[in-house]
Amino acid sequence: MSTATTLARAAGYLFDVDGCLVLSDLPGGEGGWPLPGAIEVLERVHATGKPLAVFTNASGRTPEEYAEILRGLGLAVADREVITPPVVAAIHIERTDPDGPVLVFGGRGLEEPLRRSGISTVPIEQAEEARFVLVGADREFTYPKLDAACRAVWAGAELLVTSWSRYFAGATGRSIGVPAAIACGIAHVTRAEPQVMGKPSPLALEASAATLGVDPVDMVVVGDDLEMELAMGHAGGAVTVLVLTGVTDAERLEQGSDGFEPDLVLPDVGHLLDYL
């Protein structure tokens with residue numbers, strides 16, 4: 001079966017944000033601009049009646065706030081169509097220990113999805129009471145916070161991180177992955193294994209499929225990072241579409257990623273219009 005036929009039969013589309021739909025030095029598209037064809041592609045998918053969602057590993061804002069940012073750039077994205085790692089974290093905590101309080105590093109973008117799910121949080125002074133430590137892009141991370149996070153993990157808390165990405169595609173090059181940098185320090189000190197809530201984790205794939213209302217094998221995953229959304233989509237059996245406007249360029253593509261190749265490689269997301 002040709003790629004064009006496979007795409008035509010897809011039941012839903014999942015798009016990455018940074019490096020795929022938008023280019024910006026702030027995660028989640030804030031302060032950026034849409035990449036060529038991004039506006040038209042989302043409009044075309046909506047016109048087909050098939051569901052779409054966007055998944056950003058950014059966590060500093062709520063999904064609704066990121067949706068508003070993207071709409072401000074001309075991208076037709078509804079609030080319900082935005083998925084962030086804290087949303088996945090709330091699902092994970094509800095399933096494993098809904099009464100366990102969480103020590104949160106990252107602000108309102110992390111706290112609000114937990115609050116909506118009825119999950120409580122604790123201040124750093126009560127770190128040992130936490131059952132989970134959730135690390136996001138805390139740009140004001142300090143020694144007292146590091147100490148509290150380690151004390152919580154040593155007391156038995158599970159270490160969760162919104163993103164394990166080393167960097168993402170920014171307007172001026174690579175922008176560092178703050179959550180991974182922080183969580184690496186905590187993991188090194190405590191020897192804990194961080195559980196990733198964002199792409200490419202199976203939990204993120206499950207949340208994406210649930211948002212779209214389709215099985216992973218019936219999804220098309222579009223993005224710029226072989227190690228993130230493309231790896232996640234491949235693991236779930238989805239059709240994977242790589243765009244070369246972000247962290248993966250032609251040279252990086254030649255190196256491959258864990259033995260798989262994307263089903264389709266495009267110069268930018270606008271070329272997806274030829275398949276819709």
Side-chain angles (χ1 to χ4, degrees), residues 26-28 30 55-67 69 79 82-168 175-204 206-207 210-211:
L26 294 174
E30 186 174 358
F55 196 127
T56 175
N57 269 358
S59 60
R61 297 181 179 275
T62 65
E64 294 79 9
E65 289 170 334
Y66 283 123
I69 288 171
D79 291 355
V82 177
I83 310 168
T84 64
V87 173
V88 180
I91 295 171
H92 172 68
I93 293 168
E94 280 186 303
R95 289 177 177 176
T96 56
D97 190 356
D99 296 323
V102 186
L103 184 60
V104 179
F105 300 105
R108 183 172 175 273
L110 279 75
E111 295 168 353
E112 184 63 17
L114 300 181
R115 185 194 65 79
R116 293 177 187 176
S117 296
I119 299 168
S120 62
T121 60
V122 294
I124 61 174
E125 293 80 10
Q126 299 170 244
E128 286 86 355
E129 298 177 14
R131 300 304 304 149
F132 301 91
V133 173
L134 177 58
V135 177
D138 189 340
R139 293 176 180 268
E140 298 178 352
F141 197 73
T142 59
Y143 173 78
K145 291 182 177 182
L146 176 61
D147 179 65
C150 292
R151 286 191 287 112
V153 173
W154 281 327
E158 182 180 2
L159 177 58
L160 311 179
V161 62
T162 58
S163 172
W164 201 238
S165 178
R166 297 176 178 87
Y167 52 84
F168 63 93
S175 296
I176 64 170
V178 176
I182 295 173
C184 274
I186 300 169
H188 178 73
V189 172
T190 62
R191 297 184 182 272
E193 184 72 26
Q195 299 299 309
V196 180
M197 298 293 103
K199 302 171 291 185
S201 75
L203 292 172
E206 182 181 343
T211 298

Taking atom [atom1] of [X] and atom [atom2] of [Y], what is their separation to the nearest 0.5 Å?
X	Y	atom1	atom2	value
Ile69	Glu64	CD1	CD	12.0 Å
Gln126	Thr121	CD	OG1	9.5 Å
Asp99	Glu94	CG	CD	11.0 Å
Arg191	Leu159	CZ	CG	15.0 Å

Can you check whether [X] reaches [Y] side chain to side chain, under 4.5 Å on heavy atoms?
X	Y	result
Thr190	Cys150	yes
Thr96	Phe132	yes
Leu114	Leu134	yes
Gln195	Leu203	no
Ile93	Leu160	yes

Going by the ring-ring contact (aromatic ring centres under 6.0 Å, His included) test, which pairs reach into residues 141-160, not counting sequence neighbours?
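Residue pairs with at least one partner in residues 141-160: Phe105-Phe141.
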
According to salt bridge (Lys or Arg N to Asp or Glu O under 4.0 Å), who are the partners of [X], at least two apart in sequence or on a separate chain?
X	value
Arg151	Glu128, Asp147
Glu158	none
Glu206	Arg95

Which atom pair, heavy atoms only, marks the closest approach of [X] to [Y]?
X	Y	value
Ala127	Ala148	CB-O, 3.3 Å
Gly136	Thr162	CA-OG1, 3.6 Å
Ile83	Ala207	CD1-O, 4.2 Å
Pro85	Thr56	CD-O, 3.1 Å
Val133	Ala157	CG2-CB, 4.0 Å
Asp79	Ala67	OD1-CB, 3.4 Å

Backbone N/O of [Y] and side chain of [X]: donor-acceptor pair under 3.5 Å:
X	Y	result
Ser163	Gly198	no
Tyr66	Phe55	no
Asn57	Lys199	yes

Q.
List the residues meeting side chain to side chain donor-acceptor pair (under 3.5 Å) with Glu112, not counting sequence neighbours, and say none if there are none.
A.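 Expected list: Arg115, Arg116.
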
Which atom pairs, one a donor and one an acceptor, fall under 3.5 Å between side chains of residues 178-186 and the rest of the protein, sequence neighbours left out?
none

